[in-house]
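Every chain is numbered from 1, with letters handed out A, B, ... down the list of sequences. All values below come from the heavy atoms of this structure, side chains included, with hydrogens, waters and symmetry mates left out.
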Amino acid sequence: DGGITQSPKYLFRKEGQNVTLSCEQNLNHDAMYWYRQDPGQGLRLIYYSQIVNDFQKGDIAEGYSVSREKKESFPLTVTSAQKNPTAFYLCASKKSGTNQPQHFGDGTRLSIL
Amino acid sequence: GQQLNQSPQSMFIQEGEDVSMNCTSSSIFNTWLWYKQDPGEGPVLLIALYKAGELTSNGRLTAQFGITRKDSFLNISASIPSDVGIYFCAGLIFGGSQGNLIFGKGTKLSVKP
């Protein structure tokens, strides 16, 4: 089936540790996005990528890093510099074309140990 | 930054009742999207709207793109227990950059059987 796969579903981070969240899509979408969701809040954009080997900071990029080496994959690293990493992280992708809707994966919940 | 005001924040209704929620902004949008999110899952696209005045249905759901292009509403008719979840509006601002969405903070819907 075509879709967006995020893994793991749950992740725990120790103090001072970097962790990487995976996002893979087999929809042949060009653009990919990472969002952070906190309780009672809307989605906030962390990073996005319109094309392979290129990505841009979103509204809350500090403490996060990404790479886009393949069209299908857009991993997000939560670094030790992110002091409040506990949240639900959502990956999305869309076809090229400004008005195309974004489609989401099922999310990764990150917690501090 | 740009903001979408989504209301109400939460709703508690009886099964069978109709539901209405809306999003407003001071900015002009060229696309409105409505998503539903179940607990612990990613948002799922319900309806996409692309033209001012457009009225689109998806089963018991109906959404409209406001004539002023600054608002949108979503109606759910004859609610059932599986309608429970958080409904998000999202929009693309006219002239906005690279297809990045702006999200409302969500309407949490609870349905009593």
Side-chain angles (χ1 to χ4, degrees), chain A residues 3-11 21 23-25 27 29-51 54-61 87-111, chain B residues 1-10 21 23-25 28-52 54 56 58 63 65 69 72 85-108:
Chain A
I4 303 167
T5 302
Q6 290 188 240
S7 62
K9 184 70 175 172
Y10 301 95
L11 188 57
L21 285 61
C23 179
E24 303 276 331
Q25 54 96 3
L27 301 168
H29 286 175
D30 294 295
M32 297 187 74
Y33 303 80
W34 274 105
Y35 293 91
R36 172 181 171 135
Q37 185 177 30
D38 295 286
Q41 301 294 316
L43 278 63
R44 293 186 289 167
L45 183 63
I46 304 173
Y47 269 97
Y48 62 99
S49 168
Q50 299 287 331
I51 194 169
D54 187 51
F55 48 83
Q56 307 293 330
K57 291 183 179 180
D59 300 319
I60 55 165
F88 192 51
Y89 291 87
L90 286 160
C91 176
S93 69
K94 75 177 189 76
K95 295 180 187 177
S96 60
T98 305
N99 288 355
Q100 292 294 318
Q102 294 179 22
H103 298 271
F104 287 85
D106 279 340
T108 293
R109 185 164 300 281
L110 176 62
S111 303
Chain B
Q2 306 289 347
Q3 285 198 350
L4 277 181
N5 300 308
Q6 185 171 352
S7 65
Q9 191 173 4
S10 61
M21 59 191 78
C23 279
T24 61
S25 176
I28 292 175
F29 286 77
N30 59 14
T31 299
W32 283 99
L33 305 171
W34 284 92
Y35 291 88
K36 183 194 177 199
Q37 185 178 27
D38 291 327
E41 304 292 329
V44 174
L45 182 67
L46 298 173
I47 293 178
L49 302 161
Y50 298 106
K51 287 169 53 176
E54 180 180 355
T56 298
N58 178 6
F65 193 138
R69 300 174 68 184
S72 177
I86 301 177
Y87 293 80
F88 289 99
C89 63
L92 281 169
I93 288 181
F94 179 74
S97 65
Q98 302 189 51
N100 291 353
L101 291 174
I102 298 171
F103 287 84
K105 291 188 176 182
T107 295
K108 185 175 182 179

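Note that CG of A:Asn99 is 5.0 Å distant from CG of B:Asn30, once rounded to the nearest 0.5 Å. A distance of 5.0 Å separates OH of A:Tyr35 from CG of B:Leu101, quoted to the nearest 0.5 Å.
Minimum interatomic distance between A:His103 and B:Leu45 (heavy atoms only, all atoms of both residues): CE1-CD2, 4.0 Å. Nearest heavy atoms, A:Phe88 versus B:Gln37: CE2-NE2, 3.7 Å. Taking every heavy atom of both residues into account, B:Tyr50 and A:Pro101 meet most closely at OH-CD, 3.4 Å.
Counting heavy atoms from C-beta outward, B:Phe88 and A:Gln37 have side chains that approach closer than 4.5 Å. Two residues are said to be in side-chain contact when any heavy atoms from C-beta on lie closer than 4.5 Å; A:Leu43 and B:Tyr35 fail this criterion.
Chain A forms the most heavy-atom pairs under 4.5 Å with one residue out of B:Ala48, B:Ala90, B:Gly40, and that residue is B:Gly40.
Surrounding NZ of B:Lys105 are at most 12 heavy atoms belonging to other residues, nucleotides or ligands under 6.0 Å away.
Heavy atoms closer than 4.5 Å to chain A are found nowhere in B:Gln6, neither backbone nor side chain.
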